Engineer: 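I'd like to ask you about the structure that follows.
Keep in mind that this is a model prediction, so the values were computed, not measured. For this chain, numbers begin at 1 and follow the sequence in order.
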Amino acid sequence: MKMIFDEFQGKTAIITGAASGMGLLCAQRLAENGANVVMADADEEAVRRKAQAIAEQGGSAMPAVVDVRFYNQVEQVAKKAAEQFGHIDILVNCAGGSAARIKQVDGFFPRMDPEVIDWGLDVNLKGPLHFARAVLPYMLEQKSGVMINVGSTCGNAGSGSVEYSAAKSGVMYGLTKSVAMYGARHGVRCCCVTPGPVLTRPAMANMPTPLGYAAEPWEVVDLILYLCSDNARSMTGAEYLVDGGRSATALDVTGF
């Protein structure tokens, strides 16, 4: 299923974590709908290759190599996007993940290396906060814009990935609601989309949901695009679940 959004024509969207997974699909779908996509990712080779593929399909894509832990790099991405396209209309914070899984280390929290914990907090919480700080001045000045944060049901229910759950909870509630408050008087909205299991990697297929299956990535991405569109002009400061009903049950999803 592909929803069509004519109003994205000529808009500029920054997507973090854009070299893979839902970040990549967001970039592809926004480009298909006429947006200029700025693809921000730490994997230089991958993000350049994926941006080139979008351009070869007729889309407008600019790769941006960035480590979201460092504000000076994040600020440069926003500055280059504004210089290249004249405005920043959409920010989608997709970059993130469990520190233990990504770093391939022991994830048992009482044994976890504090440096790995810091990495997880920096990527999953400070990264979205940095991008919100860097992009918000442009949106406030132009009196329009949408920011979408990607949460996780781990931020609702907790999980064995303590630093990940803590960071996602901060993004889903504190960051989303606070940015929505700053932006409301200036036509700037901020929402959070919270997935449960999504088929971006094989392990997700085995995670239980009351509906009995994990979501397809397009289900999450189409909701993100809807929230970025004029159809959602009165929607801000709220969280929207795509979790197969996990948050509605006492199902054990902790992963301890």
Engineer: Looking at CG of L175 and SG of C192, how far apart are the two atoms once the value is rounded to the nearest 0.5 Å?
Structural biologist: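 Here the interatomic distance stands at 9.0 Å.
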Engineer: Can you name the closest pair of heavy atoms from T176 and A238 and give their distance?
Structural biologist: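 Reported closest heavy-atom pair: CG2-O, 4.2 Å.
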Engineer: Other than F108, which residues form its hydrophobic cluster under the rule that side-chain heavy atoms must be closer than 4.5 Å?
Structural biologist: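 Cluster partners of F108: none, it stands alone.
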Engineer: Please confirm whether the backbone N or O of G158 pairs with a side-chain atom of K168, one donor and one acceptor, at under 3.5 Å?
Structural biologist: no
Engineer: Test question: given the 4.5 Å side-chain rule for I, L, V, M, F, W and Y, name all other residues clustered with L199, or answer none.
Structural biologist: none
Engineer: Would you mind telling me which of L25, N36, I90 makes a side-chain contact (heavy atoms from CB on, under 4.5 Å) with L30?
Structural biologist: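 Passing option: I90.
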Engineer: Taking 4.0 angstrom as the limit, do E32 and R29 come out as a salt bridge?
Structural biologist: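 Looking at E32 and R29, the cut-off is met.
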Engineer: Output side-chain donor-acceptor pairs under 3.5 Å for residues 94-103, partner residues at least two apart or in another chain, one line each.
Structural biologist:
from : atom 1 : to   : atom 2 : distance (Å)
S98  : OG     : R101 : N      : 3.4

Engineer: If you take all heavy atoms of M235 and L227, which pair is closest and at what distance?
Structural biologist: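 Closest approach of M235 to L227, heavy atoms only: CE-CD2, 3.6 Å.
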Engineer: Regarding E239 and N156, do their side chains bring together a donor and an acceptor under 3.5 Å, going by distance alone?
Structural biologist: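 Side chains of E239 and N156: pair found under 3.5 Å.
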Engineer: Are K79 and E75 close enough for a salt bridge, meaning some N to O gap below 4.0 Å?
Structural biologist: no
Engineer: Output yes when E7 and K11 qualify as a salt bridge under the 4.0 Å nitrogen-oxygen rule, no when they do not.
Structural biologist: no
